Each structure stands twice: as C-alpha cells, then as structure tokens.
Protein chains: 2
Amino acid sequence: MPLTVQPKNAEEGLALEELAYRRLREALGGGAFLPGDRLSIRRVADALGMSSMPARTALRRLAAEQALDLLPTGTAVVPRLTRPAFIELSAIRAELEPLALRLAAPHLDGAALHGLAAIVAGHDEARARGDSDAVRRLDRDFLFTIYRAAQAPLLLNLIETLWLRRGPIFWELRWAALAAGGMRHAHGEILLALRGGQIAAASAALRQEITDASLFIQGAMRFADDDAPKDRLAALKRPQARALGG
Amino acid sequence: MPLTVQPKNAEEGLALEELAYRRLREALGGGAFLPGDRLSIRRVADALGMSSMPARTALRRLAAEQALDLLPTGTAVVPRLTRPAFIELSAIRAELEPLALRLAAPHLDGAALHGLAAIVAGHDEARARGDSDAVRRLDRDFLFTIYRAAQAPLLLNLIETLWLRRGPIFWELRWAALAAGGMRHAHGEILLALRGGQIAAASAALRQEITDASLFIQGAMRFADDDAPKDRLAALKRPQARALGG
DNA sequence: AGTGGCATTTCGTGATCACATTTTTATGGC
DNA sequence: GCCATAAAAATGTGATCACGAAATGCCACT
C-alpha cells in the first residue's frame, strides 16, 4: 500500500483493469455504495470512462474475493450482510486477526512499537476532537500496521478481504459509530501487552475487542434478514419503503 | 417461462466460463498440474474448445481466489509454495478448520455422526488395502462433511480455497503420502470426542492433526525456495531439467 | 385506477480483432 | 561450443460487436 498519495501520476501508467479494481475497491471500503446496490458492467465502465472489458474483469475479481455478490444473472451487487453472515464473519476475524498479531509480535521492534504508540495517541486526540472519520482511520491503521508486520501475505490478504466485505454494513452504521465512543477501546491495552512481551495477552485482548465490537453491532444494527418478513408484507401495501433497485 | 434450458448432462447447460472454472479447479485440486506450470489464456481456451474470453475469466477468478498466481505479465501460474508460505497456510488452517468444527458440532446429529463413522471405517479399510487415493479422498470427505455442517458458507469457501492452494504441493508429495501411513490418524479421535459432546477436545485434536501434518510435510518436502539456488545453477548446465507443462 | 401484455432498454456472455509486450527460437559471430 | 542478437511465435489487454435473456417502461383495455 503506497504511503505517498499521487493519484494522477500513480494511476497514469496503471492497466485499466487495475485502475477499475482499485477505484471500486476504494469506493466499497469507503462506503460509496450501500448494501444492495447493483453495479452493472456497462454503468461502471461508463462511470470510469473505459470500455466494458476492464470493468467486467474488475467486478469479477471483486466478486471472486467475496467483496461483491453476484446475482444469478451475473450482475454484481454490494453484499447485504445478514445477521448470521455477520456473526460468521466476526468469528473468522476473531481467529485470524489474533493469529496475525501473534505472528507479528516477534517482528515488532522498538521503532514499530513507537509508531503504534503514535497511532494510539493520534486516535485518542481524534476521539477528543470528535473526528469520527479520523478515529476510524487510525483504528484501522493500528491494526493493519500490526498485521503487515506479520509478514504473512496470504493471511493479510484474507483479513483485508474480510474487512472489505464488512465495509458496507459499517458505513450504514455511521450514526452508531458515534455512539460507539462508549465502546471499550482496547488498542492501548494491546499495545501495553505487546510492549511487555505478553503475546498471549495481546492476542486475547484483540480477540475480545473483535467479539465486543461484533456484539455491539449486532445490537445496534437491523440486518437485512431481521425485518425482511414484515417488510415484505409492508411493501405490498406501501410500495416505496426501500426498493432494492439501483 | 423456462429460466434456462434444462441441461442434458451436468455440463451441457453450463455457462462456458463456469465450465472452464470447474474444469480448471478440478484439475488443480486433482493434481493435473505441477507447481510452476504456466497456464496461458489461449492454450487453456484451446484445450477446452472455447474462445479466449471464458478461459480468461476463469483463470482470473482462480487467481483472485489465490488458487493461481499471476506473473507480472499477467500469465497464470500454478502456485509454487515456499516453505514460509506453507507454514503460513498451515497456521491459517489450524485456526479456521477447528473453528468450523466448533460451529458444526451443535448441528451434528446422530445421523451425521453415523455418516462420519462410516467414513472413518471406509478410511481404515482403504488404508489396509493400501489404496492411497481412497484414503486421501475419505480423509477429505470426513473433514468437509463436518465443515459443511457448520452452515457457514463464507468460512467453508475460505477453507476450500486454502485446500485448493495447498493442493499442488500435496500431489508432488504422492510418494511421501504413502510413508505418511505412519502419521497419526486423528479422525477416529475427533469422532469420539464429537460423540461425547467434547467439542473443545475435538477442536484441539483437529488442530493437532493439522499441525502434525504440517510438520511432517515440512520435513518430507523440499520446497521451491530450499533448493532454488543450487537448482538454478544446475539448470544452467542442464537446460532440460523440467519442461513447463502444457 | 388497476392490470395484462408488449415494446424498449439494459444486461451479461462470448467471439473476434488490433496492438504492445514478452517469451521462445533461430542465427551469426567469437 | 558459447553467448549475444534478431527474427518469430506466443501472450495479455482492451475495444467492439452480436446475441439472447432479463428488467423496465408504456399503453391500451377493462
């Protein structure tokens, strides 16, 4: 992941398919789409100013990575997580991310720990400012700085995919994210354990954080399947409610 | 209205891309290719009797699933696991597969346990016969019967992907697989624990099996990175060593 | 106004082609 | 015999098009 951001120059020499893929991936992770949105090949191609081919390939790639779902007709759609799917996703994260932390721990030298401390400090400051975007970004930075240190490319890729798939439902929770200020912030605790060489404790704290966040979201979120039955009946009477059309 | 034409056989009504994908996936899992083999779009398309488009899409899909690697030029290549990559893969499996077992345990009723017992019995018989292919297949059946019972589609998909990626190196180990007869066979132990409702014990046994198998393979296998330096020198003197498959 | 049926638009799939780059093979010089 | 070099074959990418299926919109009819 490039640290320096130079979109124009960076995108200039890229293959079109790679450009489309990155744009779509960024849009997905950034909450540009809502769960249920349909992304047709031609519309994406038009929006990106390219022919169908690169857009098609990019959409298929994201679908293969589980970042998009495919309708039976082949149309790509932003995943609409059901409650069981979200629980499953959280359970997988609760296994893989502590694993990544344990793998990373031996590689975290003083400089790396110092960098993590800076992230935590920045996070606390951002939270004091009420800058929820910065909080979220720094939360992510803290964890992925650790995961990258694991030097486990396959595992890192899996975790990124899981986050990407969780992305859309998180952005629908933008309102709840503010309330999440009351959620226990475990990164300081994790950092402390890492500093002390207590790898198992750090791993357990991370697992606990993931589990807690999952429970919080399960409580705060109304999932697609939760209200589906009654909504279907309601939709018969009031055809507007929330069409899934794009 | 007929949604799609009823296929005469399983492959008849299939979209070409799906057919290519399944054929390639089956070939990969079945050991038809060797690590390092290059699969070019046109050659695959020719072999399957279709145009480039479906073959291209199928190869890209497998690459996105990490079942194939891509050279910088875009050519697909059967993954050549290095030792660190294999260790990483095993570590991920050691987390995810026990998780799947724990999720599956509540759903394993008497009939399911009976089916598992039949698989174990068949496995023991096949091992007595020296039928290593059947042993391998029943080993896989035993585990995936459990994993499917977890009713966790995302997790199942991840595990399948990991197995697919591990596939090629396993088939290079065909010779060693026979010697693996001495490897502890933990499935009976797992089944016993499941029968007794000892989920944690079953999970631990599965994790131990994965770890043991990983260590065995690490000992028996010469990985790509292990002998790369000297082999490159040898290849300069004997240019034939191993031609790329087609 | 509600409804059934039909036309239009949109969509994914797959074929074919041009183009630039890479990889392989043949060639010639040492 | 060995290696650099050029010719040739192979390869990935992306554009464009045709085709059938699906979704949408429209309008006449009741």
Side-chain angles (χ1 to χ4, degrees), chain A residues 11-24 36-64 68-78 235-240 243-246, chain B residues 1-7 11-24 36-64 68-78 232-246:
Chain A
E11 288 179 353
E12 200 78 7
L14 271 184
L16 287 183
E17 187 273 339
E18 188 69 21
L19 189 151
Y21 171 77
R22 295 192 187 185
R23 287 271 186 86
L24 285 170
D37 280 356
R38 290 220 273 269
L39 304 178
S40 86
I41 294 174
R42 283 177 172 86
R43 293 177 70 86
V44 169
D46 278 352
L48 294 178
M50 57 182 63
S51 92
S52 301
M53 276 297 318
R56 192 205 303 206
T57 314
L59 286 170
R60 286 326 160 83
R61 171 136 71 122
L62 287 164
L68 288 175
D69 284 339
L70 288 184
L71 298 177
T73 60
T75 304
V77 49
V78 179
L236 290 181
K237 300 177 182 176
R238 294 192 192 175
Q240 91 298 355
L244 58 83
Chain B
M1 295 298 275
L3 302 177
T4 51
V5 183
Q6 283 294 339
E11 287 182 351
E12 196 81 6
L14 227 52
L16 287 182
E17 187 272 337
E18 188 69 20
L19 189 150
Y21 171 76
R22 295 191 187 186
R23 286 270 186 85
L24 284 170
D37 281 355
R38 290 222 274 266
L39 304 179
S40 87
I41 294 175
R42 282 178 173 84
R43 291 177 71 88
V44 168
D46 279 352
L48 295 177
M50 57 183 62
S51 93
S52 302
M53 276 297 319
R56 190 206 302 206
T57 313
L59 287 171
R60 285 323 156 87
R61 170 134 73 123
L62 288 164
L68 288 175
D69 285 337
L70 289 185
L71 299 177
T73 61
T75 305
V77 50
V78 180
R232 283 207 195 95
L233 291 180
L236 290 181
K237 299 177 182 175
R238 294 194 191 176
Q240 93 298 352
R242 159 188 278 232
L244 59 89

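Because the structure is a prediction, the values reported are computed rather than measured. The chains referred to below are lettered A, B, ... by the order of the sequence lines, with proteins before strands, and numbering in each begins at 1.
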Which nucleotides of nucleotides 8-13 of chain C have their base under 4.0 Å from a protein heavy atom (B), which only their sugar-phosphate (S), and which neither (-), written as one string 5' to 3'? ---BBB
Distance-minimising heavy-atom pair for Leu16(A) and Met50(A): O-CE, 3.8 Å
Does a salt bridge link Glu17(B) with Arg61(B), judged by any charged N lying under 4.0 Å from a carboxylate O? yes
How many angstroms lie between atom OG of Ser52(B) and atom CG of Asp46(B), to the nearest 0.5 angstrom? 7.5 Å
Could you pull out the closest heavy-atom pair between Leu70(A) and Ala76(A), with the gap in Å? CD2-CA, 3.7 Å
Hey, mind stepping through Arg43(A) and Leu39(A) against side chain to side chain contact (heavy atoms under 4.5 Å, CB included) and telling me if it holds? CA-CA 7 Å; Arg43(A) 293 177 70 86; Leu39(A) 304 178; over 6 Å; no
What is the distance, rounded to the nearest whole Å, between atom CG of Asp46(B) and atom P of dA9(D)? 16 Å
Which heavy atom of Leu24(B) sits nearest a heavy atom of Ala58(B), and at what distance? CD1-CB, 4.2 Å
Please compare Leu71(B) and Ser51(B) by the position of their nearest nucleotide in DNA chain C and report the one closer to 5'. Ser51(B)
Atom pair distance, as rounded to whole Å: CE in Met53(A) and P in dA15(C): 13 Å
Stems formed with participation of DNA chain D [Watson-Crick or G-U wobble, under 3.5 Å, three or more pairs]: C:1-30 with D:1-30
Starting at atom CG of Leu48(B), determine the distance to atom C1' of dA15(C), rounded to an integer number of angstrom. 16 Å
Taking every heavy atom of Ala20(B) against every heavy atom of Pro54(B), the minimum-distance pair comes out as CB-O, 4.2 Å
Taking all non-hydrogen atoms of both residues, which atom of Leu68(B) and which atom of Val78(B) are closest, and how far apart? CD2-CA, 3.9 Å
